Amino acid sequence: MIIVFFNSYKSQKFFSKSIPLVFIFLLVFFQVNSQKIKQDSIKKEIKLKFTQKNFTPKDTTYINLLNSLAFEIKYYNIDSVLILSNQSLQLSSEVNYLKGKIKALTNLGDYYGGIGNLEKGRNHYKQAIEILNTQNTINKFYVDLKSKMAGLHLRENNFTKALNGYLECIELAKKINYNIRISSSYEDIAYLFVHQKDYKEAIKYYKKVIEVYKKGKKTGHKAGILTNLAAVYVKMHDSENAMVNVNESIQYFEKVGILDWLGYAYTVKGSIYLLKKEFNESLKWLVKAENILKDLDDERSEIFLYIELAKNYKSLEKSELAIKYGLRGYNLAVKTKNPRGIRESVEVLYKINKGENNFEEALAYHELHKKLSDSAQSIENQSILVAFKSKLLHDIEKKELIIKSEKALYNQKKYIYISIFFLIIAVIITTFVTINKRALKKINTELNLKKEALEKSEKELKELNKTKDRLFSIIGHDLRGPIGAFKELLKLFDSGLLTKEELLGFVPRIKKDIVNISFTLNNLLSWGQSQMKGSLTQPKKISLYKLIQENSNLLEEITRKKEITILNDVPTSVWVWADKNQIDVVVRNLMSNAIKFTPKNGTVTLTTTEQQNSWQIKVSDNGIGMNKEKTKQLFLKNTHKSTYGTENEKGTGLGLILCKEMIEKNNGTIWVKSIPNKGTCFFFTLPKEKLD
């Protein structure tokens with residue numbers, strides 16, 4: 001049984017701590033499906049890019065998506081990897097996108113390495129490394145590429161270069177705190193010692209990896225190492241230690257559902273029982289492994305599973321099945337160019353055929369095995385000494401480098417102390433400058449706030465002056481005239497130029513003027529108080545019906561003279577939450593306006609509509625109406641002009657502006673709809689009564 005490595009782990013949560021055989025299909029489905037989902041997600045992003053306006057394939061995001069898709073499908077669709085990577089490389093070269101070129105070259109290196117063209121794979125890795133060398137920085141890409149190069153040397157059985165490569169990776173990874181690559185390089189070195197059959201040394205390195213993962217709490221990686229460690233103990237015929245390690249790893253992989261590693265761990269456990277000659281128990285675990293691995297396209301693990309099954313069936317004297325699985329392992333090893341797999345499957349087939357007295361086939365397999373073993377042994381024997389010499393030289397060079405570094409460090413310390421001194425001075429100066437800047441910024445902020453406050457006060461004063469001017473204008477024009485006329489009448493009466501009967505004849509007109517003056521004064525006082533911010537809104541529960549009825553009674557004489565009918569269609573159950581005095585002003589003004597602009601025998605109607613949290617009140621008439629231009633200017637503060645009624649009634653032009661302000665203070669809105677010669681409808685809303 002040989003140790004199989006995976007460069008990445010596929011983790012997936014699962015609800016069970018142990019996996020009965022009946023659930024294996026479901027687990028396989030979920031893991032394979034999760035890979036497909038990830039691939040489909042990238043494909044969707046690529047399609048989305050195509051549909052976007054101004055799409056260009058030279059967009060770096062599009063290039064990154066091509067590289068990501070090539071990486072994800074490299075174990076599933078090898079031909080597409082070549083197409084995607086070449087396209088990405090071409091586009092990256094056209095726009096000089098170095099990151100895209102590095103990833104594309106790396107994917108191409110993986111592709112050619114995967115199909116066994118190691119030289120071409122190495123050339124692509126070298127090109128990626130050359131690009132990184134121009135940037136004069138050591139990063140994770142650089143270290144990973146060095147590791148991939150060492151892996152190709154290992155596959156060529158060039159253990160010297162492989163070992164040097166992994167040792168270099170460790171040194172580079174330490175410089176950038178790349179702990180995952182440090183541990184994986186230890187793992188690769190452990191595998192190298194397994195290949196050299198130095199199992200004790202391999203175990204030392206595996207234990208180093210476990211220590212690294214303990215510190216980083218990488219439970220999944222640790223479980224994988226325990227599986228590999230168990231496989232080494234199988235090689236050493238130490239079934240007890242092998243079983244302890246593999247059981248711990250199986251417990252973890254079953255819990256989280258990492259199926260590729262679980263299949264491999266089951267294979268190792270089957271090998272342990274095979275070592276203990278418990279063949280039926282061994283077969284049970286090997287079959288479990290087969291059920292998982294057959295749907296994962298993990299050919300490397302399948303090779304050694306088939307070899308173990310062949311050994312098992314041989315021990316159970318089921319020669320047909322033994323030969324069947326031995327040939328499966330052999331064919332798959334040839335297909336994937338796996339020399340160790342070929343060698344071990346040939347050895348098993350030789351032993352099976354020899355046991356069945358198939359001497360001709362046994363001899364053929366024996367000769368092939370001897371040829372492969374001699375070749376491998378020759379390479380291994382030559383490389384073992386070279387590898388250890390290389391390791392020894394690397395350690396000596398490392399010690400010399402440490403001594404040189406210590407000397408250089410001593411000299412550098414003096415410069416460092418001087419630099420620190422000047423740095424402290426620079427920090428102090430910078431701190432003072434920063435503090436001064438903050439103080440100036442604070443002063444500027446305060447000045448800006450004061451400036452804004454002054455500008456606001458100036459604006460308010462200008463508005464108050466405008467209000468004052470408007471009030472005096474109205475008082476001078478609309479109030480002084482009627483009062484002056486009344487004063488002159490009294491003078492004439494006092495001087496005897498006007499008789500009592502003649503004075504009494506002016507009473508209806510005087511009464512009409514006094515009513516208008518009273519109404520105007522009320523509006524002026526309310527509006528002036530509002531503008532001067534002397535009016536407080538004090539909402540309470542109001543009966544809208546009662547308020548309208550009171551104003552109808554107040555305006556009764558005017559409506560009687562113009563023969564106008566007021567219809568109060570507001571239900572007595574309608575209650576609102578508002579300031580009574582303010583709403584009284586609103587209702588009186590709207591009703592007065594409706595009467596003013598409605599000819600004789602007209603009708604003024606007041607109705608309500610219930611809304612979710614408010615009442616909508618409508619005051620409509622069938623009077624002279626207005627055009628759209630006039631309705632737009634009704635509520636504007638700077639355009640209030642008085643309009644004469646159907647019988648030349650005069651007003652101040654403040655009523656509707658006052659209505660708008662009062663309604664808004666009571667959390668409502670007001671608007672108007674009007675058609676010339678057909679009538680006008682004023683609408684306003686008020687909140688519903690509040691329940692105690």
Side-chain angles (χ1 to χ4, degrees), residues 1-4 21 24-25 28 116 194-195 197 227 230-231 234-235 237 239 242 246 259-260 262-377 380:
M1 180 66 194
I2 195 168
I3 299 165
V4 182
L21 200 57
I24 287 175
F25 170 77
V28 173
V194 170
H195 202 283
K197 295 184 173 59
T227 310
V234 170
K235 291 285 186 182
H237 299 278
S239 59
V246 83
L259 296 183
D260 43 12
L262 183 61
Y264 173 50
Y266 283 167
T267 304
V268 173
K269 191 162 184 175
S271 301
I272 296 168
Y273 281 114
L274 194 61
L275 182 65
K276 295 171 71 174
K277 301 190 184 303
E278 296 179 24
F279 304 122
N280 288 322
E281 190 66 19
S282 169
L283 183 61
K284 181 181 84 173
W285 290 99
L286 294 173
V287 169
K288 276 189 175 185
E290 185 180 18
N291 286 328
I292 291 176
L293 294 174
K294 67 182 179 182
D295 292 315
L296 292 183
D297 293 328
D298 188 356
E299 293 176 333
R300 292 176 295 176
S301 292
E302 285 182 286
I303 292 170
F304 300 107
L305 169 64
Y306 294 150
I307 291 170
E308 293 303 297
L309 280 166
K311 290 178 184 178
N312 189 284
Y313 283 124
K314 176 183 178 298
S315 301
L316 291 170
E317 298 181 355
K318 295 181 180 180
S319 57
E320 287 185 13
L321 287 171
I323 291 171
K324 172 187 170 184
Y325 280 101
L327 286 170
R328 275 192 188 179
Y330 174 74
N331 291 330
L332 200 54
V334 171
K335 175 189 170 185
T336 57
K337 298 180 181 179
N338 190 314
R340 197 173 187 93
I342 295 170
R343 195 162 65 249
E344 291 195 10
S345 58
V346 165
E347 182 183 7
V348 170
L349 287 167
Y350 157 68
K351 290 179 180 179
I352 295 167
N353 282 286
K354 182 183 176 184
E356 292 297 309
N357 297 322
N358 298 329
F359 297 116
E360 189 175 342
E361 289 189 26
L363 181 61
Y365 282 120
H366 177 67
E367 288 176 351
L368 180 57
H369 179 258
K370 189 173 185 303
K371 182 179 177 182
L372 292 169
S373 297
D374 289 346
S375 174
Q377 192 65 40
E380 287 174 8

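Just so it is clear, the structure is predicted and the values come from calculations on it, not from any experiment.
A distance of 10.5 Å separates CG in Leu305 from CD1 in Ile292, rounded to the nearest 0.5 Å. In this structure, CG in Leu283 is found 9.5 Å from CD in Glu290, a value given to the nearest 0.5 Å. Taking NZ of Lys277 as the start and OG of Ser315 as the end, the distance is 7.0 Å to the nearest 0.5 Å. Annotation: the span from Ile307 atom CD1 to Leu349 atom CG amounts to 9.0 Å, rounded to 0.5 Å. Here Lys288 contributes atom NZ and Lys269 contributes atom NZ; the two are 7.5 Å apart, rounded to the nearest 0.5 Å. Taking CG of Leu293 as the start and OH of Tyr264 as the end, the distance is 11.5 Å to the nearest 0.5 Å.
Closest approach of Ala333 to Ile303, counting heavy atoms only: CA-CD1, 3.7 Å. Contact between Thr227 and Ala265 at its shortest, heavy atoms only, is CG2-CA, 3.7 Å. Of all heavy-atom pairs spanning Ala289 and Gly263, the tightest one is CB-O, 3.3 Å. Considering every non-hydrogen atom in both Lys311 and Leu274, the closest pair reads CB-CD2, 3.7 Å. Shown here for Ala230 and Ala242, the closest heavy-atom pair between the two residues is CB-O, 3.3 Å. Residues Ala231 and Val268 share a closest heavy-atom pair of N-CG1, 4.0 Å.
With Ser282 as reference, Asn312 is the one residue of Leu309, Asn312, Leu316 to meet the side chain to side chain contact (heavy atoms under 4.5 Å, CB included) rule.
Not a single side chain to side chain donor-acceptor pair (under 3.5 Å) links Glu278 to another residue, sequence neighbours left out. Legend: residues meeting side chain to side chain contact (heavy atoms under 4.5 Å, CB included) with Ser239, ordered by chain and number and at least two apart, are Ile272, Leu275, Lys276. Among residues two or more places apart in sequence or in another chain, the ring-ring contact (aromatic ring centres under 6.0 Å, His included) test is passed with Tyr325 by Tyr306, Tyr313. For Lys284, the salt bridge (charged side-chain N to carboxylate O under 4.0 Å, His left out) partners are Glu281, not counting sequence neighbours. The salt bridge (charged side-chain N to carboxylate O under 4.0 Å, His left out) search around Lys351 returns Glu347, not counting sequence neighbours. Not a single side chain to side chain donor-acceptor pair (under 3.5 Å) links Lys324 to another residue, sequence neighbours left out.
Counting only heavy atoms from C-beta outward, the side chains of Thr267 and Ser301 never approach each other to under 4.5 Å.
Between the side chains of Ser271 and Glu308, at least one donor-acceptor pair of N or O atoms lies under 3.5 Å.
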Next item on the list: Mind running side chain to side chain contact (heavy atoms under 4.5 Å, CB included) on Tyr273 and Trp285 for me, showing each step along the way?
Entry: CA-CA 9 Å; Tyr273 281 114; Trp285 290 99; 3.6 Å; yes

